[in-house]
Amino acid sequence: MASARAASRPLIPGALSVALAAGLAATVALRASFGGERTLMIVVAVVAGAVGVIVVAGAVAAGWSTSIGWGIGLLAAEYAVCVLGEGSGIDLAAPLVGALLVITAEVAYTSCDWRRPHAVNAAAELRRWLRLAGVVAFGALIGLGALALTSVAGGESPAGLVVGGGCAVALVALVVVLHRQ
Amino acid sequence: MTWAPTPRLLAYPWLVAALLVAAIAAGRPELAAAAAPLTVLLLVGLAMSRRPRPLRSRISVSPQRVVEGDTVTVTAEIALPAELEVVEVGLPLPSGFQLLGPANPAAVRRDHGAAHSLVFTVRPVRWGAFSLGDLHVRGYDDFRLRRFEMRLPGEMAVRVYPRSDRLRTLIRPARAHVYAGSRVAAQKGEGIEFADVRPYVTGDRIRSVNWRASARRGDLWVNQRHPERNVDVVLLLDTFTHLGPTGASTLEQMVRGAASLASAWLRDRDRVGVIGFGGTLRWLEVGGGTRHAYQLVDALLDTQVVFSYAWKGIDLIPVRLLPPHALIVGVTPLLDQRVVTALLDLRGRGFDLAVIELSPTPHVEEAGSETEALAQRVWLLDREVMRSRFLRAGAAVVSWSEGDTLEPVVAEVELWRRRARLRGH
């Protein structure tokens, strides 16, 4: 039989996910400058971030894994509002924010998985996290590359919009096709 | 077998779609860049996710007939398909079973097609008939986007017999049956135990002549002996109500006690029957022998409390269940008035009766206030009055507390009955 250890406590990943969510929300809110005039956007961003952290914390505390997506969505919305309020400059930290969103979600989901009777194979679990880290890092690099490409191409153009839109639709379609398979 | 999306797969595509739409609508590439890690995770995860083939397994449960406190092992040989790296295997335990090891559920990892042997050791803490051996398996794909669940059928019936004390003393019925057995009957006849001498009459065997008495009296006198007979015993089990936690309730104590008494009587070639007197009436007619012993234990395993408001008296008990001259042993916590009345009715109709009271007092919470303490005292006095009614009627009542052995209780019943006989009750 493979090595198995007693059911792990969900407290550690739960606390870690809440800390990650809170840190991400605070960092995003503090990094945003908004030019000092967009008070409403600041309020919206902070509220979205705070509610996102509360939703993640509540989901982790109650074991409602389906609510984690909403919490992560709110954290992403906070970032989106902050980006919209930033003006014309490109935020190169966007892929890092995306990576942190994924890591926060995965840690929160793990906490929920560990709330019910479960067994953990330490080696398999470590491999899963290494695999996840690799994929997320690769995704962040792609995001960074896309940002670099955008900054080199410069400005908004109808052609760029069409290409970007087409890529987005293709990606979503690919996800749907893979999901259905 | 189920192969279903996890909450991750239900949330991530919407997040990706929302970020990409926002990026296009607002013309902000950062939002698309923020969606990139999640998008890559989804694409790679879904591309690698393959529906697993069913697991190959062989499950065995051994032994399938045990006594309370013994151990039962559930052994599973599981071979994982290539699509699953690790699975969690859980054994659903029926109430009344305790897991001794390993952790439940346990993780099983794939080992290049070789089957893993997983052994769960459980201990039954309560008698009864149980189904055991079904295993639940849960696994995930590489990125936990889809969950695999299946049930490995291995269900087998495990019969857990009550732990029984070996009794050296038994309650001696007032009157024996006509069949040969191990009990010295009160009547006089052919037997081993000396009873009396009487004058010789034609037809008496010469070997019965008591030569010493004949020489002293100048006439022929013969010995009379007590014959060895068997007895009929009916165990009347009170299934109206029970008190206490699982594993130590009065119901479980009652069945253990009944099993001990029945096996002791059956060992001595007596005939034993059982009546479950409660919300539903269940019975096994008096009988003897090995086959009957198994039937009786199986009947005891099915004993359960069925709640009922309906008044029930002994008129509901079929007459054939109560043979004439049978000893009736009531095993009851004396909590329900219907049983008390039924037992007193039986005594009133001339049946030989003894009552083993399953003491409910250890299961009663301590009084928290003066009023509760007063109520408890009144209740205890009421029980004393009830016991005295039995004693006045000539039926022994002895209290038996959970955790104590049955032997001294039976001895006390027998002592009371011997004294009552001497008093000419």
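What you see below is based on every heavy atom in this structure, not just the backbone, and it leaves out hydrogens, waters and symmetry mates. We name chains A, B, ... by the order of the sequence lines, and we start the count at 1 in each one.
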Inset, instruction - Under 4.5 Å heavy-atom distance to chain A, tell me which part of B/Leu41 shows up: side chain, backbone, both or neither. - result: both
Inset, instruction - Please report the closest heavy-atom contact between B/Pro37 and A/Gly98, naming both atoms and the distance. - result: CG-C, 3.8 Å
Legend entry - Part of A/Leu132 lying under 4.5 Å from any heavy atom of chain B: both
Legend entry - Presence of salt bridge, A/Glu125 and B/Arg144, under 4.0 angstrom: yes
Legend entry - Interface moiety of A/Val97 toward chain B, non-hydrogen atoms closer than 4.5 Å: neither
Legend entry - A/Ala146 portion near chain B, given a 4.5 angstrom heavy-atom threshold: neither
Inset, instruction - Measure across A/Ala119 and B/Ala106 and return the closest heavy-atom pair with its distance rounded to 0.1 Å. - result: CB-C, 3.4 Å
Legend entry - Closest approach of A/Ile90 to B/Glu30 (non-hydrogen atoms, all atoms of both residues): CA-OE2, 3.2 Å
Legend entry - Partner chain B: residue of A/Phe138, A/Tyr109, A/Tyr79 with the largest heavy-atom pair count (under 4.5 Å): A/Tyr109
Inset, instruction - Decide if atom CH2 of B/Trp3 counts as having more than 12 heavy atoms of other residues, nucleotides or ligands within a radius under 6.0 Å. - result: yes
Inset, instruction - Check the surroundings of atom CH2 in B/Trp14: do more than 12 heavy atoms from other residues, nucleotides or ligands lie under 6.0 Å from it? - result: no
Legend entry - A/Thr66 OG1 to B/Arg8 CZ distance, which is reported to the nearest 0.5 Å: 13.0 Å
Inset, instruction - Could you tell me which of B/Ala36, B/Ala34, B/Ala47, B/Ala35 has the largest number of non-hydrogen atom pairs under 4.5 Å with chain A? - result: B/Ala34
Inset, instruction - With sequence neighbours left out, write down each residue that passes side-chain contact (heavy atoms from CB on, under 4.5 Å) with B/Val66, or none if nothing qualifies. - result: B/Pro63, B/Asp70, B/Val72, B/Pro124, B/Val158, B/Val160
Legend entry - Residue among B/Pro29, B/Ser49, B/Gly45, B/Ala11 with most heavy-atom pairs under 4.5 Å to chain A: B/Pro29
Inset, instruction - Check whether more than 12 heavy atoms from other residues, nucleotides or ligands sit under 6.0 Å from atom CG of B/Leu99, and answer yes or no. - result: yes
Legend entry - Test: A/Arg128 and B/Glu85 ion pair at under 4.0 Å: no
Legend entry - chain A contact via B/Leu19 - which portion, at a heavy-atom distance below 4.5 Å: side chain
Legend entry - Engaged part of A/Ile68 at the chain B interface, taking heavy atoms whose separation is under 4.5 Å: neither
Legend entry - Selection from B/Asn104, B/Val44, B/Leu43, B/Val86 maximising heavy-atom pairs under 4.5 Å formed with chain A: B/Leu43
Inset, instruction - Take A/Ile72 and B/Leu15, measure what side chain to side chain contact (heavy atoms under 4.5 Å, CB included) needs, and give me the verdict at the end. - result: CA-CA 8 Å; A/Ile72 300 298; B/Leu15 276 172; 3.7 Å; yes
Inset, instruction - Heavy atoms only: give me the nearest A/Ile142-B/Val40 pair and the separation to one decimal. - result: CD1-CG2, 3.9 Å
Legend entry - Any residue of residues 135-143 of chain B which, by heavy atoms, sits under 4.5 Å from chain A: B/Arg138, B/Tyr140, B/Asp142, B/Phe143
